[in-house]
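Every chain is numbered from 1, with letters handed out A, B, ... down the list of sequences. What you see is a predicted model, and the numbers here were worked out from it, not measured in a lab.
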Amino acid sequence: MTPVETSAEFDMKNDQIAAVFAQLSDLLEIQEANPFRVRAYRSAGRTISSTAESFAALVEEGADLTRFSGIGKDLAKQIVEVVTTGQHSQLAELKQQVPAGVVDMLRIQGVGPKKVAVFFNKLNLTSLDELKAAAQAGELAALNGFGKKTEQSILANIDRAAEAGKRISIADARAAAEAIVQDLLRLDTVTQTAVAGSCRRRRETCGDLDVLATSSDATAAMDRLAAHPLVDSVLQRGDTKQRVRLKSGVEMDLRVVADSSYGAAMQYFTGSKEHNVVVRQRAKDMGLKVNEYGVFRGDDQIAGATEEDVYAALDLPWIPPELRENRREFDLAATGVMPRLVEVGDIKGDLHMHTTASDGAASILQMAEAAKARGLKYIAITDHSKRVSMANGLDATRLRAHWDDIRAAREQIDGIQLLCGIECDILEDATMDLADDVLAEADWVVAVLHYGLQQPREQIMKRLMNAIQNPHVNIIGHPTGRLVGKRDGADINMTEMLQAAAENGVMMEINAHFKRLDLDDVNAAAARDLGIPIVISTDSHSVNGFDVLQYGVDQGRRASLTKDDVANTKTWAQFKKLLQR
DNA sequence: GCCGTTTTCGGCCCGACTGTTTTCAGTCG
C-alpha cells in the first residue's frame with residue numbers, strides 16, 4: 001500500500017474507529033445480514049480497540065492492515081475510508097434506513113436482532129418509548145411467534161435497558177463473587193466452586209458474574225444461591241444453570257456440573273468467548289469436540305476433570321486466565337511453554353504513595369511499617385506537588401522539610417528502604433510544577449498529568465515529552481489519567497510517548513488502584529515490547545491502600561508481564577542501579 | 001467478511017434456557 005495523500009485529519013482514536021464497526025455490526029444484524037459477516041465486523045472492531053498502535057497512524061504510513069488477523073482486503077479499505085474521511089459510507093446509508101432508537105432496543109434483556117427487526121418492520125416502532133407503549137397496548141403479544149410472556153418480559157426489562165451494559169469494577173465483582181463462592185462451599189454436597197468469566201480473567205470491569213460449582217445436588221446449590229443475602233431475585237432456572245440478579249443490580253450465573261467436568265466447565269465459563277472459539281475450532285481440526293462437559297473423541301470423554309487436562313488434550317500448555325482474550329496467547333502457547341506471569345509475591349517495592357504531608361491518612365513511619373509488614377523492602381514516599389492544592393500539595397520549602405522527615409524516619413525503621421520521592425504535576429503549559437533544582441534532590445520523581453486532561457493532543461504530547469526529557473523524571477504515573485468507566489484518559493499518541501520513554505530511560509507505571517489501572521493491559525504490553533521497565537505501584541493514601549496491589553499485578557498479568565518485565569520485583573540492590581539515568 | 005498442509009469455495013464453536021411451539025427459533029454466554 002502507498003501512503004495515503006489527503007488533507008483529512010489523522011487523529012482518530014482506535015476506539016472511535018472501532019465504534020464505527022460495532023455500529024455497523026448492530027445495524028447489519030437487524031437487517032438480517034449474513035451472521036458471519038456481522039461477526040467479521042464485530043471482530044474487526046475488537047481487534048482495533050485492543051491494539052496499542054494507532055490505526056490512524058498506520059493508515060497514514062500506508063501500512064498493510066491485513067497483517068491483523070480478521071482484517072482482510074475489504075475491511076482494510078473500509079478502515080482507510082473511516083480514517084481519511086471520518087465517515088463510513090455504508091454506515092451512513094444504514095443509519096438512514098434504521099433509526100438509532102431501533103438499535104437501542106438491542107439493549108433490552110431477551111431482545112435480539114430478530115425481535116427488533118419484527119418490531120421495526122411489522123409495527124414501525126422506532127424508539128424504546130414507542131416499544132413500551134406498544135407492549136402496554138398488547139400489540140406485541142399479537143405478533144406471530146410472540147406471546148404474553150415475551151411482552152411482559154419486555155415491559156419488565158425495558159426500563160433497565162438504559163443501564164444495560166453498565167459494568168462494575170473488578171474490585172466489586174471479586175468481592176461479590178467470592179462471598180457467594182465461600183457460601184456455596186458450606187454445603188456438604190458442593191465439592192468445588194470457583195469464580196469464572198471476566199472476573200477470573202481479571203478484566204478491569206465485569207458486566208456480569210459467573211460462578212461454577214461441582215455437586216451431586218444442583219438443586220441444593222441453586223437454592224442456596226437464591227437465598228443468599230446479596231441476591232435480589234431469580235431470573236432463570238434450569239437443571240444445571242441459574243441466573244440471578246444481585247441487589248446491586250449485577251447479574252450472576254451459577255452453573256453446576258459433575259466433578260468429572262470441572263476443568264472443562266471452568267475452561268468454558270472463563271472464556272473469553274473469542275478464546276473459546278479458537279479452542280473449539282482447534283479441537284475440531286484434531287477430530288475432537290470440546291464443550292463444558294469435557295473433551296470428546298466420538299462419545300468418549302478424554303479430558304475434563306481439570307483445565308490442565310483439557311488444554312493438554314489439545315496439545316496446549318495451560319493458559320493463564322488473564323491471557324485468554326485471543327490476542328497473543330495461542331502464539332505464546334505454540335512455543336510449548338507459557339511465560340510465568342508476575343505475581344503479587346514477586347513485588348518487593350512500592351513507588352507511589354501519600355502521607356499526611358499531602359492528602360494521605362497516615363504518617364511516613366506508619367506507611368513504612370505497613371509496607372514492611374506486607375513484605376516490601378523499599379518504598380518511595382511521593383506526596384503531591386503544589387499545583388494539587390486541593391490535596392495540600394507541597395511547594396519546594398515544604399517538600400524539602402518533608403524529605404528531611406523521611407530521612408529521619410529511616411533511622412526509626414530497619415529492613416525497608418525509604419525513598420524521598422514526589423508526585424510532580426506536569427502543568428498545563430508543559431512545565432513541571434517544581435523547579436529542576438528541587439527535582440534533582442529527589443530519589444524518585446513520578447511525573448503525572450492531573451489537570452488539563454481535555455487539552456488537544458498536541459499540547460498533551462508536548463507536556464508528556466517535556467516530562468520524559470526532563471533528566472530528573474524517573475517515571476510517568478497513571479499515564480493516561482483515565483478513570484475506569486468514568487472518564488476517558490487524555491488524548492495521547494501512545495506509540496510516540498512510549499518510544500520517547502524508551503529512548504530516555506523513563507519507566508511507566510501501572511497504577512494498581514482499581515479505578516485507574518493504567519497503563520492498561522494493551523499499552524503495558526506495548527511498553528514492555530519496547531523494553532521499558534514497568535512499575536506496579538498502589539498510589540496508597542492510607543495503610544490499607546496497599547490492598548489494591550493485586551489489581552495492578554492482575555493488569556500486568558493481562559499484559560503477559562513476567563517478573564523480569566516489572567522493575568519493582570528487583571531486589572533493592574538491583575533496583576538502585578536502575579535509578580542511575 | 002475472513003480464511004486456507006482439505007487454498008479461491010465452503011466452511012465459520014457449542015449448549016442451556018425460554019417461550020412459543022407440537023419440533024424449533026431466538027437469545028445468551
| request: Answer whether the closest heavy-atom distance between the side chains of D210(A) and T270(A) falls below 4.5 Å. | output: no
| task | Quick one: do F55(A) and F68(A) satisfy ring pair (Phe, Tyr, Trp, His ring centres under 6.0 Å)? Show the steps, please. | result | CA-CA 11 Å; F55(A) 269 77; F68(A) 292 94; 4.8 Å; yes
| What's the closest nucleotide to the S69(A) side chain, out of dG1(B), dC14(B), dC3(B)? | dC3(B)
| Which nucleotide in the list dG26(B), dC2(B), dC14(B) gets nearest to the side chain of K115(A)? | dG26(B)
| request: Provide the distance between the two C1' atoms, one in dC13(B) and one in dC28(B), to the nearest whole Å. | output: 14 Å
| field | Whole-Å gap separating P (dG29(B)) and CZ (R46(A)) | value | 15 Å
| said: What is the separation between atom CD on Q236(A) and atom P on dG19(B), rounded to the nearest whole Å? | reply: 8 Å
| From dG29(B), dG19(B), dA16(B), nucleotide with atom closest to K273(A) side chain | dG29(B)
| query | How do M222(A) and F146(A) order along DNA chain B: which one's closest nucleotide is nearer the 5' end? | reply | M222(A)
| note | Result for 5'-nearest mapping on DNA chain B, choosing between R39(A) and E151(A), is R39(A)
| Contact class for Y41(A) (heavy atom, under 4.0 Å): base, sugar-phosphate, or nothing? | sugar-phosphate
| query | How close or far is atom P of dT20(B) from atom CG of L143(A), stated in whole angstroms? | reply | 12 Å
| field | Side-chain N or O of R243(A) closer than 4.0 Å to phosphate OP1/OP2 of dA16(B) | value | no
| said: Please give the distance between the P atoms of dG11(B) and dT21(B) as a whole number of Å. | reply: 33 Å
| message | Does P35(A) reach a base, just sugar-phosphate, or nothing at all? Heavy atoms under 4.0 Å. | response | nothing
| query | Are V111(A) and L106(A) side-chain neighbours, meaning at least one heavy-atom pair lies under 4.5 Å? | reply | no
| query | In whole Å, what is the span from the CG atom of L288(A) to the P atom of dC13(B)? | reply | 16 Å
| field | Nucleotide nearest K114(A) when distance is taken to its side chain, options dG26(B), dA16(B), dC14(B) | value | dG26(B)
| query | In whole Å, what separates the P atom of dG15(B) from that of dT20(B)? | reply | 26 Å
| said: Within the 4.0 Å heavy-atom criterion, would you say N276(A) contacts the bases, only the backbone, or no part of the nucleic acid? | reply: nothing
| request: Look at all strands and tell whether V38(A) reaches a base, only sugar-phosphate, or nothing, counting heavy atoms closer than 4.0 Å. | output: nothing
| said: Taking only the C1' atom of each, what is the distance from dC9(B) to dC14(B) in whole angstrom? | reply: 25 Å
| Plane angle bin for F119(A) and F146(A) - parallel if under 30°, tilted between 30 and 60°, otherwise perpendicular | tilted
| note | Checking dG15(B), dT20(B), dC17(B) against the side chain of T150(A) (C-beta onward), the nearest is dT20(B)
| Choosing from dC2(B), dC17(B), dG29(B), which nucleotide comes nearest the side chain of L75(A)? | dC2(B)
| Nearest-neighbour nucleotide for the R37(A) side chain, dG19(B), dC13(B), dG1(B) considered | dG1(B)
| Between dA16(B) (P) and R237(A) (CZ): distance, integer Å | 17 Å
| request: Quote, to the nearest angstrom, the P distance that separates dG4(B) from dT8(B). | output: 13 Å
| query | Distance only, no hydrogens: is a donor on one side chain within 3.5 Å (strictly under) of an acceptor on the other, for Y293(A) and Q301(A)? | reply | no
| Using atom P of each nucleotide, how far apart are dT6(B) and dC12(B) to the nearest Å? | 15 Å
| field | Sidechain N-carboxylate O distance under 4.0 Å for D208(A), R243(A) | value | yes
| said: Under 4.0 Å from OP1 or OP2 of dT27(B): is there any side-chain N or O of S153(A) that close? | reply: no
| said: Name the residue from V484(A), L483(A), I510(A) that meets the side chain to side chain contact (heavy atoms under 4.5 Å, CB included) definition with R516(A). | reply: L483(A)
| query | Below 4.0 angstrom from OP1 or OP2 of dG15(B), is there any side-chain N or O of K289(A)? | reply | yes
| message | Using salt bridge (Lys or Arg N to Asp or Glu O under 4.0 Å), reason through R482(A) and E204(A) one step at a time and then give a plain yes or no. | response | CA-CA 12 Å; R482(A) 65 91 179 255; E204(A) 296 162 359; 2.8 Å; yes
| query | Looking at dG26(B), dG29(B), dC12(B), which one has an atom nearest to any side-chain atom of N34(A)? | reply | dC12(B)
| request: Figure out the CZ/P separation between R67(A) and dC3(B), and round it to whole Å. | output: 14 Å
| request: Scan V278(A) against the nucleic acid and name what it touches under 4.0 Å (heavy atoms): base, sugar-phosphate only, or nothing. | output: nothing
| message | Below the 4.0 Å mark, does dA16(B) have OP1 or OP2 next to a side-chain nitrogen or oxygen of Y293(A)? | response | yes
| query | At under 4.0 Å, does any side-chain N or O of K77(A) touch on OP1 or OP2 of dG1(B)? | reply | no
| Selection from dC14(B), dG1(B), dG19(B) that lies nearest to any side-chain heavy atom of N291(A) | dC14(B)
| Between dC17(B), dG15(B), dC13(B), which nucleotide has the shortest distance from any of its atoms to the side chain of T240(A)? | dC17(B)
| message | Rounded to whole Å, please give me the gap between CD in E29(A) and C1' in dG26(B). | response | 11 Å
| field | I79(A) CD1 to dG1(B) P, straight-line distance once rounded to whole Å | value | 13 Å
| query | Whom does dT8(B) pair with, Watson-Crick or G-U wobble, provided both distances fall under 3.5 Å? | reply | none
